[in-house]
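Read the structure below first, then the notes.
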Amino acid sequence: MGLPSKPPSTVKVIPTSDYRTPFTDYSRWRLKDDHGRQTWHYLSEAEAKEWKQSTADKYFLGLDTEQPDLPPPKTPLDVAKNGLEFFSKLQLTGGNWACDYSGPMFQLAGFVMCWYATGIPFPEHWATELIRYLCNRAHPEDGGWGLHTEAETSVFGTTINYTTLRLLGMPPDHPVAVKARQTLHKLGGALGVPHWGKAWLAMIGCFEWEGMNPIPPELWLLPDWFPLHPYRWWIHTRAVYLPMSYIWSKRYSRPLNPLTRALRTELFTQPYSSIPFAAHRNTVAAADIYHPHTTVLNLFNTVCTFWGKYLIPTRLKTWAEDYVYSLVVREDENTLNVNLGPVNNPLQMLCRFIAEGPDSPAVAGHIDRLHDYLWMNEDGMLMNGTNGVQVWDTSFAIQSIVECNLADDPRYNRMLNAAHEFLDDQQISADISDDIQKCYRQKRKGAWAFSTRDQGYTVSDCTAEGLKAVIQLQLLPSFPARVSIPRMRDAVDVLLSLRNPSGGFASYEIVRGIKQLEWFNAAEVFGRIMIEYEYPECTTAVVTGLVYFRKVDPEYRAEEIKKTIKDAVEWIKTAQRADGSWEGSWGICFSYAMMFALESLSLVGESCANSERVRRACAFLVSKQMADGGWGESYMSCVKGRWIDHERSQVVNTAWCLIALMNAGYDGKDVLRKGINLLKSRQQSNGEWLQEGIEGVFNRSCMITYPNYKFVFPIKAMGMYAKRFGNEELW
Ligand code: LAN
């Protein structure tokens, strides 16, 4: 079934004294790369001799890559070249870059609980390393976990990760378990776990379904014009609630066994049988709540609970379940079982298991593709936020090298050719077999996804950045026209299909729902999850993608493109805040969005020289520069919605701010020079930049890493600086 080879039969339970010891032999792990599909394999000793560990494997595993020292840089482009020397070693054979895409601390738990709910035995070397990862991520002070790696301990994080450790084989008297359990009890126990946690626990038999707010599949039977219809929700929210509603409606729970019976006593502060679950539908620990329930939601939940308990006709229930299941099957078929993301994927697997049984091809296919989400790093095995960041990182890598004017340099030709081939291979070539309308999908022929073509979901900015990278290369004499004009037109058709009446662009789809849908946000721990929103980041990417497209095909849909660019830039202007900044949604935070917004404005000729709004933006950024010349933004900026300094300047924020200022035509050379200096001073003698604070975010409250940003954006900043001021000797 595509599982890695059999692990050693030794360790399962980690030694009590030191949970940081590697439990599998790290010299035997290999990353397999197959057209963007990235899977980690644990080899036998004999296999490991045949299949050598690459530099990238070692780097990801935290082993010494033994990269040589490089000549100390004298100019900005020397810094970029040294950076590329190191970064090129991390390129995979397929031409793309890979990375550890971690941060959220709920995905792995969702996966393990859904898997456990099926009763399928867990591969032992996975279990071993997953345990180690969770141990390494437990907060040293209280032994708990938060919503993401940087967040404070919460009931959500601690309940689900404690349960996960136990399901993976950690004994209850292990010090890590004891400490986490004590903390959980201090916080009131698992009764206060947010909605998704309640659902996962119910699936393994450790929570009663009546203690959960309903997720009625009947919602899917509403007519499409109905404002609450799930197709109007943000794609990730509906993709999670779709399979969850099926499981909820079936009230599926794995039959109890000694382990889950024990968990029933460990997770709660009172005897399980004495808990009136139905009275705890709305019990959520105060510290966990980012988005409190609205009165409307509470009312809706009460009505739905009553409806589900006393009123719903059995035939309607079955009809709704069957319809939802048909959508679940389509989601599997249309993504080759990769699915939209890491939360819906295991839930989908559980639905297929419930409907078709453990030995069905559907479940086997899922087990195979779940593998794509697992990632190894020096702390153990984790679950990535997507099945990778392949297209996204590769597009930015190309653009950075082009910015340095190095793309035609023979030294980088092989690297870029492979990257070009990768993007060529990954463009989605056909719309889904099924009627798009039925699956509520956006057009996808011609799009690029964030990760891979197999996952197959259109994303506005991924399509735009992919298109831009391809065009940038194909405009140069040394690159063949791999992606033809008709294929570029397909990409443009996708982009134009994503236009919103406001002029701005959202992430996967046009905005389909009204803002009041946010009243129904039931997940408690995330903000702004119910509908799509327009974002300066996505909008700028589309603007730049279209501007590049016009260079190669000025005739195609020319009037529409012109209007789209104009409207998009107008929207970006409206999104500027009074203090001159733009708030980011996918990177941390203002520095990220401002890099994009100011690029859009530059494309319509607005710069510090002629635009008051651009000058205001620059003044905002300059006011945030730190004494060492760098910029640092804390993830709390995203949570609070205002700029909050990081304790220390950060390479990635510094690069973003420099790019933003240079996009704006800011002429304070001293300010820029100090920032460039900071980037140079953080570069290691082998060209590497080390990992610093977390870079990305989603839904306001959850952080996620983008480890390749520390390479691609400093390199780009160096290129821009050299273009603007000449590649002068600075050091
Ligand atoms: C991502 C990652 C990439 C990101 C950008 C392309 C950077 C952005 O510009 C558009 C939105 C997108 C595609 C995005 C959306 C939400 C994702 C998929 C993630 C942040 C990665 C993980 C996250 C997903 C929702 C995690 C699962 C959590 C749930 C709440 C369902």
Side-chain angles (χ1 to χ4, degrees), residues 99-111 147-148 156 194-197 199-200 233-244 290-291 335 338-348 373 382-396 442 447-452 455-466 498 504-509 521-530 532-542 544-545 584-589 592-593 595-596 638 694-706 708-709 712:
C99 69
D100 160 346
Y101 196 38
S102 58
M105 286 306 292
F106 55 89
Q107 296 162 173
L108 171 50
F111 149 54
L147 180 66
H148 55 94
F156 188 41
H195 199 218
W196 296 8
W200 287 323
W233 305 358
W234 184 47
I235 196 165
H236 276 280
T237 306
R238 75 167 185 267
V240 168
Y241 283 119
L242 176 83
M244 218 185 242
Y290 184 82
H291 190 281
T335 61
V338 175
N339 300 147
L340 177 63
V343 181
N344 81 326
N345 175 298
L347 290 166
Q348 289 263 132
Y373 282 92
L382 59 101
M383 191 172 189
N384 269 346
T386 51
N387 62 321
V389 188
Q390 297 85 330
V391 163
W392 187 246
D393 279 344
T394 305
S395 305
F396 281 128
Q442 202 76 35
W448 276 274
F450 178 66
S451 53
T452 58
Q455 189 258 7
Y457 271 93
T458 300
V459 185
S460 64
D461 50 355
C462 302
T463 303
E465 300 292 356
L498 287 161
F505 283 79
S507 57
Y508 295 78
E509 295 172 340
N521 174 352
E524 291 128 4
V525 292
F526 305 113
R528 305 223 301 176
I529 62 162
M530 290 307 290
E532 275 279 13
Y533 292 91
E534 298 91 339
Y535 302 102
E537 301 98 306
C538 301
T539 307
T540 296
V542 174
T544 55
S585 292
W586 306 110
I588 297 170
C589 174
Y592 182 69
M595 163 175 77
F596 286 99
C638 308
I694 203 155
E695 304 87 349
V697 61
F698 58 91
N699 304 137
R700 312 238 137 177
S701 56
C702 194
M703 307 303 138
I704 189 157
T705 57
Y706 285 83
N708 287 324
Y709 284 180
V712 293

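Residues take their numbers from the sequence shown, with the count starting at 1. Both ligands and their constituent atoms are indexed starting at 1 by order of listing.
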Checklist entry - Can you name the ring-ring contact (aromatic ring centres under 6.0 Å, His included) partners of Phe698, sequence neighbours left out? => result none

Item to check | Residue from Phe106, Trp234, Tyr290 passing ring pair (Phe, Tyr, Trp, His ring centres under 6.0 Å) with Phe526 | outcome: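 Going through Phe106, Trp234, Tyr290 one by one, the ring pair (Phe, Tyr, Trp, His ring centres under 6.0 Å) with Phe526 is satisfied by Phe106 alone.
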
Starting from the N and O atoms of ligand 1, find every protein N or O within less than 3.5 Å and list the pair with its distance.
| unit_1 | atom_1 | unit_2 | atom_2 | d |
| --- | --- | --- | --- | --- |
| ligand 1 | 9 (O) | Asp461 | OD2 | 2.3 |

Checklist entry - Got a sec, which pairs hit side-chain hydrogen bond (donor to acceptor under 3.5 Å, both in side chains) with one end in residues 694-704, sequence neighbours left out? => result Gln691-Glu695

Checklist entry - So Met530 and Thr237, side chain to side chain contact (heavy atoms under 4.5 Å, CB included) or not? Walk me through it. => result CA-CA 6 Å; Met530 290 307 290; Thr237 306; 4.0 Å; yes

Checklist entry - Of Asn387, Asn345, Leu347, which is the lone residue that meets side chain to side chain contact (heavy atoms under 4.5 Å, CB included) with Asn339? => result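 Single pass found, and it is Asn345.
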
Item to check | By side chain to side chain donor-acceptor pair (under 3.5 Å) - contacts of Thr394 (at least two apart) | outcome: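 Counting only residues at least two positions away or on another chain, Thr394 forms no side chain to side chain donor-acceptor pair (under 3.5 Å).
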
